[in-house]
Chemist: 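Quick one: structure below, then a few questions.
Only a predicted model underlies this, so the values are computations on that prediction, with no experimental measurement involved.
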Amino acid sequence: MARSKSTALHSLVQTMKPAERRYFNVWASRNGSSEKKFILLFNGLSEQTEYDEEALLNSIPDISPTQISNLKAHLYQRVLQCMRQYSQSHSLEIQIREMIDHVQILFNRGLYDQCVQILKKARKKVGSIDNLELQLEILKWEKNILTQTVGAGNEQRVNRIVREVQQVNERINNVNKFTNLAARLNAIYYRIGFIRNQSDYNHIQRLFEKELPDFIEQELSLTEKLSLYQLLSGYYSFIQDFDSGLKYARKWLDLFDEHKEIRYSRTNDYLSAINTLMIAQYKMYSYDDFVETSRRLREIRHYPRHTMNENIRMRLYKYTYVHEFNRIFMLGDFGHGVSLIEKIEPLLEPFIRQLDNHSRIILFYKVACLYFGDQKYGNCIRWLNRIFTSENIDLREDIHSFARILSLISHYELGNTDVIDYYIRSTYRFLLRKKDLYSFQKYILSFLKKLDAHLSEEELMEAFNELRDQLVPLQHNPYERRAFMYFDIISWLESKSNNHKVGEIIHQKAMRRIARQRTMASENQTL
């Protein structure tokens, strides 16, 4: 087996829970003494946190170097077979696929009436989870068996199957169009972030209108609606229509309230819906709603063990921390945020290594902002440097751009005037290359460039106020305002003018904003 396969086998074994490992040992032992070497190899891999073939062979004298390659290849398949059987009682989809496999076996043996009975049971099961692909597979086998089971009501059976095939195909086609469009939009978002200008908006709008199929929302199936609301919540957020993004994120999550049974069969999708709604609430500064939705995130921790696979556990862990950071940003409680980072930092590095590249860049930037808000500028620069040294410079170009702005301001705060001019030129070139040099960036770069250690206190305050006057109107520009989502520079400028900590300014604004929202909510309830 190639090295990559060896690593794949070790990674697979490491994802198994203790109960799954015990099950494999029992399952393999039932097959007799021929399985002894598989069990020895499996247990040896279970004990290794890092794959080491030499140590593995030394610990298992019964396995020779010439045998291990084939043993690993067979063990990989055996583990997957065992895990399929282990998961069967908890997964309706696996049960239905096995029933379809049984139909094929019976069909090949000419036992058509038995096929019909199994397909009836499979139809009933698949209806509860609305899996369109499995529905189509069941209908395909019903058509195959038609000519072998002709009887009373045969024409009605044919008409029913043909009609259902057409309906399921239409639904699958819609789902594919919704998810294909979502994937294309996500690919652009992962590269540039939120739209930057009218040209970006026109490009996204044309793509959206061209690829979105015609539909009547009320007539869509559950699976179609899940895909549609996911698409629309992402699309509106991308173009910075956060009100509409929030609306469809709520509709997406509401489906899981209307069909509570799918929270367990589609926990991965349920988790995505919660995450999307919390992001929308964060963008809209809906603090109380955000906190309420976060309870749903915590509830998933107590789901039955069989639903908590490694993928869900990892995503839940990621979202829990990211949204705790977002809650801290909403309150401006940066001191608490830094304390949290320092408390979990020993656990953070292994976690970071498991993150995808996009999530890693976002985490680096959020941690850097926490340190900036707590006026720990050296630590802020340290985390920003992890973005700059990333190989994924074409991933989230917006974060790369604003990280450079934040780094420049941090160097200014530390008094590193000797490097600021160099970094300004470097940042200017980067922004030009990425076509991300707009009024916001120009004003800040110009401001930093003219700062001089010999400026009097009065001249310095005048420069801060001038920059603030330039930036405030940009908050109402549909494309320039995205800059303020990455870094609240207005509060930083106010902190310089008022001689307060930037965290205190942001916290005061947050408390006023939350108070206004609570007042509006109370008035709406009264009405």
Chemist: What pairs with Arg22 under side chain to side chain contact (heavy atoms under 4.5 Å, CB included), at least two apart in sequence or on another chain?
Modeler: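 Listed in chain order: Pro18, Ala19.
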Chemist: Sequence neighbours left out, what passes salt bridge (charged side-chain N to carboxylate O under 4.0 Å, His left out) with Arg263? Give chain and number order.
Modeler: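 For Arg263, the residues satisfying salt bridge (charged side-chain N to carboxylate O under 4.0 Å, His left out) (neighbours in sequence not counted) are Asp257.
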Chemist: Can you tell me if CD on Glu155 sees more than 12 non-hydrogen neighbours from other groups inside 6.0 Å?
Modeler: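 Incorrect, the count does not exceed 12.
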Chemist: Can the positive tip of Arg78 be found less than 6.0 Å from the middle of the six-membered ring of Phe38, inside 45° of the ring normal?
Modeler: yes
Chemist: His259: which residues meet the side chain to side chain contact (heavy atoms under 4.5 Å, CB included) condition with it, sequence neighbours left out?
Modeler: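 Applying side chain to side chain contact (heavy atoms under 4.5 Å, CB included) to His259 gives Leu222, Glu261, Ile262.
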Chemist: Given the side-chain rings of Tyr264 and Tyr303, with only the six-membered ring counted for Trp, is the space between their centroids under 6.0 Å?
Modeler: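 Yes.
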Chemist: Applying salt bridge (charged side-chain N to carboxylate O under 4.0 Å, His left out), name anything that partners Arg266, two or more places apart in sequence or on another chain.
Modeler: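 Listed in chain order: nothing, the list is empty.
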Chemist: Please check: side-chain N/O of Ser87 versus main-chain N/O of Arg84, any donor-acceptor pairing under 3.5 Å?
Modeler: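 Not confirmed, Ser87 side chain does not pair with Arg84 backbone.
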Chemist: Can you name the side chain to side chain donor-acceptor pair (under 3.5 Å) partners of Glu349, sequence neighbours left out?
Modeler: Arg386
Chemist: For residues 162-171, tabulate all N or O donor-acceptor pairs below 3.5 Å that involve a side-chain atom, not counting sequence neighbours.
Modeler:
unit_1 : atom_1 : unit_2 : atom_2 : d
Glu164 : OE1    : Arg123 : NH1    : 3.0
Asn169 : ND2    : Val165 : O      : 3.3

Chemist: Report the C-alpha separation of Arg295 and Glu292 in whole Å, then their side-chain angles, then the decisive distance to 0.1 Å, and conclude whether the salt bridge (Lys or Arg N to Asp or Glu O under 4.0 Å) test is met.
Modeler: CA-CA 6 Å; Arg295 294 194 180 99; Glu292 181 63 31; 2.3 Å; yes
Chemist: Taking the six-membered ring of Tyr285 as reference, does the cationic atom of Arg513 (NZ for Lys, CZ for Arg) lie under 6.0 Å from its centre and within 45° of its axis?
Modeler: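 That pair qualifies as a cation-pi contact.
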Chemist: Who are the side chain to side chain donor-acceptor pair (under 3.5 Å) partners of Tyr438, not counting sequence neighbours?
Modeler: Asn197
Chemist: Donor-acceptor pair, Ser237 side chain versus Gly234 backbone, under 3.5 Å?
Modeler: no
Chemist: Within 45° of the axis and under 6.0 Å from the centre of the six-membered ring of Tyr189, does NZ or CZ of Arg396 qualify?
Modeler: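 So Arg396 does make the cation-pi contact.
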Chemist: Would you please name every residue forming a side chain to side chain donor-acceptor pair (under 3.5 Å) with Glu310, sequence neighbours left out?
Modeler: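 Side chain to side chain donor-acceptor pair (under 3.5 Å) check on Glu310 returns Arg313.
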Chemist: Ring centroids only, cut at 6.0 angstrom: are Phe256 and Tyr270 within range, meaning strictly under it?
Modeler: yes
Chemist: Please test Phe215 against Phe178 for ring pair (Phe, Tyr, Trp, His ring centres under 6.0 Å), starting from the C-alpha separation and ending with a verdict.
Modeler: CA-CA 11 Å; Phe215 61 88; Phe178 294 150; 5.8 Å; yes
Chemist: So, do Phe42 and Phe24 have ring centers that fall under 6.0 Å from each other?
Modeler: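 Phe42 vs Phe24: aromatic centres under 6.0 Å.
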Chemist: Please check if any side-chain donor atom of Ser233 sits under 3.5 Å from a side-chain acceptor atom of Arg250, or the reverse.
Modeler: no
Chemist: What pair of heavy atoms forms the shortest contact from Gln281 to Leu246, and how long is it?
Modeler: CG-CD1, 3.8 Å
Chemist: Centre-to-centre under 6.0 Å for Phe440 and Phe484, is that the case here?
Modeler: yes
Chemist: I'd like to know if the side chain of Glu20 and the backbone of Lys17 have a donor-acceptor N/O pair within less than 3.5 Å.
Modeler: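 Checked: pair present.
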Chemist: Working note: Glu324 + Arg327, criterion salt bridge (Lys or Arg N to Asp or Glu O under 4.0 Å); need CA distance, chi angles, decisive distance, verdict.
Modeler: CA-CA 5 Å; Glu324 178 59 16; Arg327 189 187 70 82; 2.9 Å; yes
Chemist: Could you list the residues that satisfy salt bridge (charged side-chain N to carboxylate O under 4.0 Å, His left out) with Glu137, not counting sequence neighbours?
Modeler: Lys140
Chemist: Could I get the full list of side chain to side chain contact (heavy atoms under 4.5 Å, CB included) partners for Ser272, not counting sequence neighbours?
Modeler: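 Side chain to side chain contact (heavy atoms under 4.5 Å, CB included) list for Ser272, sorted by chain: Trp252, Arg315.
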Chemist: Sequence neighbours excluded, which residues qualify as side chain to side chain contact (heavy atoms under 4.5 Å, CB included) partners of Asp288?
Modeler: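 Side chain to side chain contact (heavy atoms under 4.5 Å, CB included) check on Asp288 returns Arg518.
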Chemist: Please enumerate all residues that pass salt bridge (charged side-chain N to carboxylate O under 4.0 Å, His left out) together with Lys434, with sequence neighbours excluded.
Modeler: Asp394, Glu397
